[in-house]
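The next block holds one structure in the form of structure tokens; read it before the comments.
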Amino acid sequence: MIVGYNLGAEQMFGYTRTEALGQDLKLIIPPPYTEVHVTTCGAIWPLGKPRARPATGVSPPGAGTGRKFPLSISFSVAEIQGNLYFTAIMRDITEYKAMEDRVLASERLAAVGNTVAHVAHEIKNPLLIIGGFARQLLKGPGILTTRPAGN
């Protein structure tokens, strides 16, 4: 259940504080990610250490059209008067993921460029030799002579 919700969450998810408080986590983290989140929270409770992990958030249907977007969630757990409270710091990492994709695409293009340059170099040398021989042949008769037998 959502028990705290700030202005940043309102801007990220599109729900007001009033709309979100008291609601199930499924409001902002859709299935199957909710179940994974709950399992992860259950696993860190005995460890008592903060954890960070990727997740997926969802904006509300209508204005946000239910858009799913990548999140980075850093969360910790505390026991207060016998109740467990998980505090989550969520960041929309859509731009980070897009930049990561552009870097990977650039790296792939650079690898293709290096391969093409290497192949061009390997092809150029034999072609230069063949071209040299062809120019010699075009210079006229007598370039190629046969040796007398026995020499």
Side-chain angles (χ1 to χ4, degrees), residues 1-139 143:
M1 176 186 297
I2 300 171
V3 295
Y5 197 80
N6 64 16
L7 180 60
E10 285 183 7
Q11 293 170 347
M12 188 181 332
F13 295 107
Y15 293 102
T16 66
R17 178 181 168 86
T18 306
E19 292 171 321
L21 290 179
Q23 296 296 315
D24 190 279
L25 190 60
K26 291 177 184 177
L27 179 72
I28 58 174
I29 299 178
Y33 307 105
T34 307
E35 289 78 13
V36 171
H37 181 69
V38 170
T39 302
T40 303
C41 288
I44 71 153
W45 166 240
L47 303 175
K49 297 179 182 175
R51 294 283 188 263
R53 63 177 201 76
T56 298
V58 64
S59 61
T65 65
R67 176 185 71 90
K68 292 182 181 179
F69 56 93
L71 287 173
S72 170
I73 302 178
S74 300
F75 57 95
S76 60
V77 63
E79 183 176 2
I80 301 172
Q81 297 179 349
N83 294 316
L84 294 179
Y85 292 92
F86 290 87
T87 302
I89 298 172
M90 300 181 184
R91 291 181 185 91
D92 181 345
I93 56 173
T94 302
E95 289 180 25
Y96 173 80
K97 289 290 189 183
M99 185 178 2
E100 189 177 63
D101 291 344
R102 287 191 303 270
V103 167
L104 289 173
S106 295
E107 288 175 354
R108 283 191 293 267
L109 286 174
V112 168
N114 286 337
T115 302
V116 168
H118 181 72
V119 168
H121 176 74
E122 293 299 319
I123 291 173
K124 181 180 89 172
N125 288 339
L127 288 176
L128 286 173
I129 293 169
I130 293 168
F133 285 130
R135 279 190 294 283
Q136 290 297 323
L137 288 172
L138 290 173
K139 285 186 179 180
I143 298 295

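Residues: numbered from 1 along the sequence shown.
- Counting heavy atoms of neighbouring residues, nucleotides and ligands inside a 6.0 Å radius, atom CG of Leu21 exceeds 12 of them.
- In this structure, the separation between CD on Gln23 and OG1 on Thr18 is 11.0 Å, given to the nearest 0.5 Å.
- Scanning both residues, Lys97 and Pro70, for their nearest heavy atoms gives CG-CG, 3.9 Å.
- In terms of heavy-atom proximity, Pro126 sits nearest to Ile123 at CD-O, 3.2 Å.
- Glu95 places none of its side-chain heavy atoms less than 4.5 Å from the side chain of Met99.
- Nearest heavy-atom pair across Met12 and Asp92 is SD-N, 3.8 Å.
- Contact detail for Ile2 and Leu27: the closest heavy-atom pair is CD1-CD2, 4.4 Å.
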Steps toward side-chain contact (heavy atoms from CB on, under 4.5 Å) verdict (Met90, Phe13): CA-CA 10 Å; Met90 300 181 184; Phe13 295 107; 3.6 Å; yes

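- In this structure, CD1 on Ile130 lies 11.0 Å from CG on Asn125, to the nearest 0.5 angstrom.
- Atom-to-atom distance recorded for Phe133:CZ and Leu138:CG is 13.5 Å, nearest 0.5 angstrom.
- Across Glu10 and Arg17, no two heavy atoms sit closer than the pair OE2-N, 2.8 Å.
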